[in-house]
Colleague: 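Have a look at this one.
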Amino acid sequence: MPELPEVETYRRFIDELVVGQTIVAFEVKDAHVLATSEDLLRHAVVGSRVTGTRRLGKNCFLELSTGQVLVLHFGMTGDVGAYRDEHDAPRFTRVALHLDTGLRVAFVDPRKFGRIRLAESVEAYQKAKKIGPDALNITTEQLKAKLSHRKTLIKPLLLDQSITAGLGNWIVDEVLFQAKIHPERIANTLTDAEFEALHEAIQLVLTTAIKHEATYRHFPASFLIHAREWDDSATPGSDKHQFCPRHPDTGIDKNYVGGRATYTCPVCQPAAQ
DNA sequence: GCAAATGTTAGTCG
DNA sequence: TCGACTAACATTTG
């Protein structure tokens with residue numbers, strides 16, 4: 001789940017629950033998700049107050065009263081939850097922050113690709129990890145500057161967090177569909193008009209997804225996402241929602257681009273020459 | 001039982 | 001050293 005809109009939704013959830021609160025315990029149920037040592041994390045976090053939250057791409061930050069930040073990355077299957085009693089802890093809770101109010105905030109991650117770490121600041125982390133501008137803030141000019149000299153496929157470039165941060169697999173498919181650009185187009189063949197369309201589509205898809213709190217089935221019917229098999233309303237193998245929203249007679253193609261499942265409309269997104 | 005999965009990154013090869 | 005590509009990570013779900 002966690003691409004930019006999900007992470008923004010998690011951030012808002014965390015912001016409401018923990019800003020102003022003091023963390024009284026740092027409970028580790030599975031140290032696999034820790035990218036900073038447990039001792040160091042506990043030392044930084046316990047007794048600190050959370051002064052604010054931030055987000056950059058798919059990373060969520062809790063700003064601590066010590067000046068440091070706790071960085072949450074949710075991997076492929078990360079989520080957040082809140083509970084009060086141990087027996088209500090969500091399944092796959094890996095780490096829990098215990099607040100002075102008695103509430104516990106859970107970092108939930110079945111597949112354990114997510115990570116929790118400590119950083120000196122959001123900016124330091126961004127620099128160290130070479131994370132590009134957030135996809136909601138990048139301008140058409142910046143996008144063009146980073147892509148127009150590249151000789152490789154556009155889709156893997158859009159997934160590269162150092163170019164712009166926050167776009168994941170389904171969002172890139174949706175963006176390319178909305179911008180009517182084939183995912184295997186070579187980046188340096190895009191026209192100015194296509195860069196404009198790309199930028200506009202990024203804004204459209206992200207703001208729409210955040211507005212619906214990343215609940216896919218509430219997205220407009222004009223979105224390609226309804227063709228993805230993991231949409232609740234489309235069972236694998238069925239032909240429900242398998243057609244282009246703009247061309248009811250045209251089936252959506254599924255392919256692999258850069259090793260990732262990729263959905264396209266053959267009419268809207270003509271193949272690269 | 002088998003296939004697929006929303007992300008990242010280390011390693012390899014030119 | 002950089003760019004491009006692939007495999008691997010760990011586990012659940014359909």
Side-chain angles (χ1 to χ4, degrees), chain A residues 1-10 29-36 55-60 71-80 90-95 107-117 119 125-126 128-132 134-135 146-177 183-188 205-206 208-210 212-217 219 223-238 240-241 254-263 272:
Chain A
M1 300 153 215
E3 302 189 29
L4 189 152
E6 288 93 337
V7 177
E8 176 61 18
T9 303
Y10 298 168
K29 292 170 182 283
D30 190 331
H32 195 275
V33 300
L34 303 183
T36 299
R55 182 193 56 73
L56 174 65
K58 302 171 194 172
N59 301 279
C60 180
V71 187
L72 307 182
H73 190 284
F74 297 95
M76 297 241 285
T77 56
D79 200 352
V80 289
R91 198 174 168 210
F92 310 123
T93 295
R94 305 305 185 189
V95 171
F107 181 85
V108 181
D109 187 10
R111 211 169 148 185
K112 298 197 271 194
F113 282 6
R115 291 294 179 266
I116 298 178
R117 50 169 52 88
Y125 180 73
Q126 175 167 21
K129 288 286 185 176
K130 301 188 169 57
I131 300 171
D134 190 84
K146 283 168 175 284
L147 296 178
S148 57
H149 64 102
R150 301 289 292 262
K151 297 179 185 149
T152 188
L153 310 181
I154 187 71
K155 173 165 174 171
L157 288 173
L158 291 174
L159 289 171
D160 183 341
Q161 303 297 295
S162 69
I163 290 174
T164 182
L167 305 183
N169 200 35
W170 81 255
I171 291 188
V172 168
D173 280 3
E174 190 69 57
V175 163
L176 290 171
F177 172 75
E184 292 177 297
R185 286 283 301 281
I186 303 299
N188 72 0
V205 174
L206 292 178
T208 302
I210 290 171
H212 294 283
E213 297 187 331
T215 305
Y216 311 123
R217 58 184 178 283
F219 289 4
F223 271 47
L224 181 72
I225 189 159
H226 302 292
R228 293 191 99 89
E229 287 172 2
W230 42 266
D231 184 325
D232 286 348
S233 56
T235 45
S238 88
K240 259 198 292 184
H241 298 298
K254 181 181 177 182
N255 281 298
Y256 285 85
V257 177
R260 319 294 302 194
T262 299
Y263 294 74

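Convention: sequence-line order gives letters A, B, ...; per-chain numbering from 1.
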Colleague: Taking the side chain as everything from C-beta on, heavy atoms only, tell me whether A/N255 gets closer than 4.5 Å to A/P183.
Modeller: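 With C-beta onward as the side chain, the pair stays apart.
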Colleague: Rounded to the nearest angstrom, tell me the gap between atom CD1 in A/I116 and atom C1' in B/dG7.
Modeller: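 Taking atom C1' of B/dG7 as the reference, CD1 of A/I116 is at 16 Å.
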Colleague: Nearest to the A/P110 side chain among B/dA5, C/dT12, C/dA10, which nucleotide is it?
Modeller: C/dT12
Colleague: With a 4.0 Å cut-off on heavy atoms, is A/F92 in touch with a base, just the backbone sugar-phosphate, or nothing at all?
Modeller: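 Touches sugar-phosphate only.
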Colleague: Quantified in whole Å, what is the C1' atom distance between nucleotide B/dT9 and nucleotide C/dT12?
Modeller: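 Pairwise C1' distance, B/dT9 against C/dT12, rounds to 22 Å.
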Colleague: C/dT13 phosphate, OP1 or OP2: any side-chain N/O from A/R91 under 4.0 angstrom?
Modeller: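 Answer yes for this pair, as a side-chain N or O of A/R91 is under 4.0 Å from OP1 or OP2.
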Colleague: Hey, what's the ring geometry for A/Y10 with A/F74, parallel, tilted or perpendicular (30° and 60° as the breaks)?
Modeller: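 Ring orientation, 0 to 90° scale: perpendicular.
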Colleague: Report each atom pair, protein N/O against N/O of nucleotides 3-7 of chain C, whose distance is under 3.5 angstrom.
Modeller:
unit_1	atom_1	unit_2	atom_2	d
C/dA4	OP2	A/R150	NE	3.4
C/dA4	OP2	A/R150	NH2	2.7
C/dC5	OP2	A/T152	OG1	3.1

Colleague: Which whole-number value in Å describes the distance from A/Y256 OH to B/dA4 C1'?
Modeller: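 For the pair A/Y256 OH and B/dA4 C1', the rounded distance is 7 Å.
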Colleague: Can you give me the N/O atom pairs linking the protein to nucleotides 8-11 of chain B at distances under 3.5 Å, or say none if there are none?
Modeller:
unit_1	atom_1	unit_2	atom_2	d
B/dT8	OP1	A/H73	NE2	2.6
B/dT8	OP2	A/K58	NZ	2.9
B/dT9	OP1	A/K129	NZ	3.0

Colleague: Expressed as a whole number of angstroms, how long is the span from A/D30:CG to C/dC9:P?
Modeller: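 Roughly 17 Å, once rounded to whole Å.
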Colleague: For the pair made of CE in A/M76 and P in B/dA4, what is the distance, rounded to whole Å?
Modeller: 13 Å
Colleague: Could you state the interatomic distance from CG (A/L72) to CZ (A/R115), rounded to the nearest 0.5 Å?
Modeller: 13.0 Å
Colleague: Rounded to whole angstroms, how far apart are CZ on A/F74 and P on C/dT11?
Modeller: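 Interatomic distance, CZ of A/F74 to P of C/dT11: 19 Å.
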Colleague: Would you say that A/I210 contacts A/L4 through its side chain, given a criterion of any heavy-atom pair below 4.5 Å between the two side chains?
Modeller: yes
Colleague: Quick one: CG on A/L224 to CG on A/L176, what's the gap to the nearest 0.5 Å?
Modeller: 10.0 Å
Colleague: Could you write out DNA chain C as a dot-bracket string, with dots for unpaired bases, | for bases paired across to another strand, and Watson-Crick or G-U pairs counted at under 3.5 Å?
Modeller: .||||||||.||||
Colleague: Kindly confirm whether the side-chain ring of A/F113 is stacked on the base of C/dC9, judged by centres under 5.5 Å and planes under 30°.
Modeller: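 A stacking contact exists, since A/F113 sits close and nearly parallel to the base ring of C/dC9.
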Colleague: For the pair made of OH in A/Y10 and P in B/dG7, what is the distance, rounded to whole Å?
Modeller: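 So the OH-P distance, A/Y10 to B/dG7, works out to 11 Å.
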Colleague: Using only atom types and a distance under 3.5 Å, with no angle test, would you say the side chain of A/Q161 pairs donor to acceptor with the backbone of A/G132?
Modeller: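 Side chain of A/Q161 to backbone of A/G132, a donor-acceptor pair under 3.5 Å: no, none is there.
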Colleague: Please report the interatomic distance CZ(A/R94) to CZ(A/R111), rounded to the nearest 0.5 Å.
Modeller: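 Rounded to the nearest 0.5 Å, the CZ-CZ separation comes out at 12.5 Å.
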Colleague: What is the distance, rounded to the nearest whole Å, between atom CZ of A/R111 and atom P of B/dG7?
Modeller: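 Distance check: A/R111 CZ to B/dG7 P gives 10 Å.
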Colleague: How long is the gap from CG on A/N169 to CG on A/L158, to the nearest 0.5 Å?
Modeller: 11.5 Å
Colleague: Compare all side-chain heavy atoms of A/I131 with those of A/Y125 and state whether any distance is below 4.5 angstrom.
Modeller: yes
Colleague: I'd like to know if the side chain of A/D134 reaches the main chain of A/G57, judged simply by a donor and an acceptor atom lying under 3.5 Å from each other, with no hydrogens or angles considered.
Modeller: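 Yes, because the side chain of A/D134 sits within donor-acceptor range (under 3.5 Å) of the backbone of A/G57.
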Colleague: How long is the gap from NZ on A/K29 to CZ on A/F92, to the nearest 0.5 Å?
Modeller: 13.0 Å
Colleague: I want to verify a distance call: between C/dC9, B/dT6, C/dT11, whose nearest atom is closest to the A/K112 side chain?
Modeller: C/dT11
Colleague: I need the A/R150 CZ to A/I186 CD1 distance, nearest 0.5 Å.
Modeller: 11.5 Å
